[in-house]
Amino acid sequence: MTSSVISDTSLRLAPRGTRRGKRRHSPGAPAPSIRRLMISCLISLAALALVVAVSLGVGATGIDPLGTLRTLVTGTPASAHNLVVDVRMPRVLLTVLIGASLATAGLLAQTLTRNPLASPQTFGVNAGAAAAIVTTIVLFPSLGGFSVVAAFAGAALVGVVMWALSAASSMSTVSLALAGMTLQILLSALVQAVLIMNNATQDLVFWLAGSVTGAQWSDVTLLLPFTLAGCTIALIGQRHFGLLALDTATSKALGQNTNQVAGLAALVVVALAGASVAVAGPIGFIGLIVPHISTRIVGSSFTHRLMFGLVCGPLLFASADVIAKLIAFPQETPAGIVTALIGAPVFLLLALRQRSR
């Protein structure tokens, strides 16, 4: 610390022409980190727009991206316009909302638990929501309209268990993540048993793999309020949520009510993950990968990671859905399979890195 103070003092006392290693910025110019964030977000937004255009133009019915744009502008022919507006557009918007929701939930989960391997999937929150939904629909069909409530209950229950393990035990980050994955496997086995014993429909099995196939405007209107509310809360409270990454004593010394902020963060994670599972099934690894990509590109600032994640999450999931459309074209493949193929190796790599530290 003494050497850093001396170095900083000598830097201030050095003549203007001999100061090295310190970049000059005009008073009105943004800082390098802000500039990097702005450029990264603009590039990602452009890429997202391209992916959205491709997604709108890819489907079993032969309407290419240019034809999609033409029918959106002119409204003709009516059959093509109805196909794009009522079938493809809800699906694309749903991928954007789910990507933003899971990216935000993953960042909050990692910050809340101070665990870089945390996410709604690796901590079993998605599996808890899916198990609650399937159990409600299959065993209590008259309560099918309360599937969102069931999703929140299942996600919250698993979230409380994992939070208790994280707060009360001395488990390493890898061990805690493995405990969450074990819980996910157990819940997935329970769901499969319920489906087999009750001859569940193919649609339910397809949904369980994580899919936006057959998305409707009602799904968009269901998820939209939760996504807007959760992401808005994260943005407004970004300073307080960012302090959760510090130890409790430091947070309290900075005037933070740690318990209240942590409780709010947990509620946002449950709401975002539960609502996403309710409309598209347990989509995996988006919440795990996006915060790490954001750190690599825009740095470790919670605010920067959050803002970039709101673009990167939709870009990643929309791209995964386009790939899912093309894998067995014209047949559909659940997008959750694509995210799992991408995310599983990343999870193993991150786990090995944490284990070696």
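For reference, positions follow the sequence shown, starting with 1.
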State the [atom1]-[atom2] distance between [X] and [Y], to the nearest 0.5 angstrom.
X: Arg88; Y: Asn82; atom1: CZ; atom2: CG; answer: 12.5 Å
X: Ile342; Y: Ser319; atom1: CD1; atom2: OG; answer: 8.5 Å
X: Ile98; Y: Phe317; atom1: CD1; atom2: CZ; answer: 4.5 Å

Expected output: side-chain Thr111 to main-chain Leu108 donor-acceptor under 3.5 Å
no
Is it the case that the side chain of Trp217 and the backbone of Val85 share a donor-acceptor pair, with hydrogens and angles ignored and the cut-off at 3.5 Å?
yes
Applying the side-chain contact (heavy atoms from CB on, under 4.5 Å) criterion to Thr122, which one of Met181, Met162, Gln184 satisfies it?
Met181
Is there a ring pair (Phe, Tyr, Trp, His ring centres under 6.0 Å) between Phe226 and Phe152 once you walk through the steps?
CA-CA 12 Å; Phe226 294 101; Phe152 291 158; 5.2 Å; yes
Quick one, [X] and [Y] - any side-chain contact, counting heavy atoms below 4.5 Å?
X: Pro334; Y: Thr213; value: no
X: Leu223; Y: Asp219; value: no
X: Phe241; Y: Ile233; value: yes
X: Ser55; Y: Arg91; value: no
X: Leu56; Y: Met89; value: yes
X: Leu222; Y: Val148; value: yes
X: Leu102; Y: Leu272; value: no
X: Lys325; Y: Thr333; value: no

Pairs meeting criterion salt bridge (Lys or Arg N to Asp or Glu O under 4.0 Å) with involvement of residues 263-291, two or more places apart:
none
Which atoms form the tightest heavy-atom contact between [X] and [Y], and what is the distance?
X: Thr221; Y: Ser218; answer: OG1-O, 2.9 Å
X: Pro291; Y: Gly106; answer: CG-C, 4.0 Å
X: Ala109; Y: Val269; answer: N-CG2, 4.0 Å

Give the table of side-chain donor-acceptor pairs shorter than 3.5 Å for residues 302-316, with sequence neighbours excluded, one pair per line with atom names and distance.
from	atom 1	to	atom 2	distance (Å)
Thr303	OG1	Gln238	OE1	2.2
Arg305	NE	Thr295	OG1	2.9

